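Just so you know, these numbers come straight off a predicted model, no measurement behind them.
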Amino acid sequence: MSETLRHPEILELARQHGKVTVESLAGHFGVTVQTIRRDLSELAETGRLKRVHGGAVPVSGVTNFGYEERRNLNEEEKHQIGRRCAAVIPESSSVFLNIGTSTEAVARELLLHRNLLVVTNNLNIANIMVSNESCEIIVAGGVLRRSDGGLVGGMTNRVVEQFKFDYAVLGCSALDVDGDMLDFDTQEVGVSQTALARARTNILVADHSKFERSAPARIGSLSDIDIFFTDRPVNPDLARLCDDWGTQICLPE
């Protein structure tokens, strides 16, 4: 296959999976790793990919990619993150869950918890929690974001402000090297910031793909987070910052 034909497929694989590696692409196309390195360098030079150690990631923009694509990205890792996060939330707790595929994974793992009060601005999470008959569900109304079932805006903020949660469980679109949590939608950022300020314990759930992305709007810092559930170690400098902040990083056993 010529590079003219490989390049569009490489871009599509990077978009679908959040990252492509030299080794996996060489196996996929049946070419040498040197050939793939040249392909990635050419795509990076034209601004269509960003090179990272061992491969490349999509160039970050100001919009996120599709919700269904995100839901399928690192699905098993999100399941494990959701399971471990749900294990620290006791029954009879009040919990806020924001928009995201990782928080949806947490919601699925809360279905056997009894007597929860769940507040969410995510219609998908509300629909998941309906199966838990002992759970009281409050949907923070606002402007519907059709792409992902999210509710955002001033009305949503005003609902969230009425509560003092035992736990706020948040996802983010990207995690910067300095520990900043980032998102694409400034209205959703406002809701997440309100929830952070209204919770006794703040939890972040984010798989490793968020380490290699960027987004324009800042939610807050890992210094605002009590427990961070992820699937791979963060870089050593950020790990040291988390230790200074008292942010517990929970990895798979």
Mind listing the side-chain donor-acceptor pairs of residues 149-158 below 3.5 Å, one per line with the distance, residues two or more places apart or on another chain?
residue : atom : partner : partner atom : Å
Thr156  : OG1  : Gly141  : O            : 3.0
Thr156  : OG1  : Val152  : N            : 3.4
Thr156  : OG1  : Val152  : O            : 3.3
Asn157  : OD1  : Val191  : N            : 3.3
Asn157  : OD1  : Thr194  : OG1          : 3.1

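- With hydrophobic clusters built from ILVMFWY side chains whose heavy atoms lie under 4.5 angstrom apart, Tyr167 does not share a cluster with Ile225.
- Using a 4.5 Å cut-off between side-chain heavy atoms of Ile, Leu, Val, Met, Phe, Trp and Tyr, with links allowed through other members, Leu97 and Leu111 fall into the same hydrophobic cluster.
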**Message:** Run Ile249 and Thr230 through side chain to side chain contact (heavy atoms under 4.5 Å, CB included) and show every step you take.
**Reply:** CA-CA 7 Å; Ile249 300 175; Thr230 189; 4.3 Å; yes

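- A donor-acceptor pair shorter than 3.5 Å cannot be found between the side chains of Ser92 and Arg114.
- In this structure, Phe228 and Val234 have side chains that are in contact, with non-hydrogen atoms separated by less than 4.5 Å.
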**Asked** For Ile227 and Cys250, what are the C-alpha separation, side-chain angles and deciding distance, and is it a side chain to side chain contact (heavy atoms under 4.5 Å, CB included)?
**Response** CA-CA 7 Å; Ile227 311 172; Cys250 290; 3.6 Å; yes

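- Judged by distance alone, the side chain of Asp183 and the main-chain N or O of Cys172 form no donor-acceptor pair under 3.5 Å.
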**Request:** Show your working on side chain to side chain contact (heavy atoms under 4.5 Å, CB included) between Leu43 and Arg51 and close with a plain yes or no.
**Result:** CA-CA 9 Å; Leu43 289 166; Arg51 289 300 305 269; over 6 Å; no

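- There is no path of hydrophobic side-chain contacts, each under 4.5 Å, that joins Leu170 to Val95.
- Of the candidates Val33, Val31, Ile36, Ile36 is the only one forming a side chain to side chain contact (heavy atoms under 4.5 Å, CB included) with Leu25.
- For Val189 against Ala217, the heavy-atom pair with the smallest separation is CG2-CB, 3.7 Å.
- Between the side chains of Asn124 and Glu104, a donor-acceptor pair is found at a separation under 3.5 Å.
- Side-chain atoms of Asn132 and His113 include no donor-acceptor pair closer than 3.5 Å.
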**Request:** Apply side chain to side chain contact (heavy atoms under 4.5 Å, CB included) to Phe163 and Arg198, showing your working.
**Result:** CA-CA 7 Å; Phe163 293 89; Arg198 302 300 298 163; 5.7 Å; no

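- Between Phe229 and Leu251 the shortest side-chain heavy-atom distance does not fall below 4.5 Å.
- A donor atom on one side chain and an acceptor atom on the other are not found under 3.5 Å apart for Thr201 and Asp226.
- Side-chain polar atoms of Ser209 and Asp207 form a donor-acceptor pair below 3.5 angstrom.
- Ion pairing between a basic and an acidic side chain is recognised when a charged N comes within 4.0 Å of a carboxylate O; Arg145 and Asp148 show such pairing.
- Thr120 places no side-chain N or O within donor-acceptor distance of the main-chain N or O of Val139, the cut-off being under 3.5 Å.
- Note: the hydrophobic cluster containing Leu144 also contains Ile128 (ILVMFWY, side chain heavy atoms under 4.5 Å, direct or indirect links).
- Between Phe165 and Phe96, the ring planes lie tilted relative to each other; the angle falls in the 30° to 60° range.
- Between the side chains of Ser173 and Lys210, no donor N or O sits under 3.5 Å from an acceptor N or O.
- The cluster map of Ile, Leu, Val, Met, Phe, Trp and Tyr, joined by side-chain heavy atoms under 4.5 Å apart, puts Leu175 and Leu196 in the same cluster.
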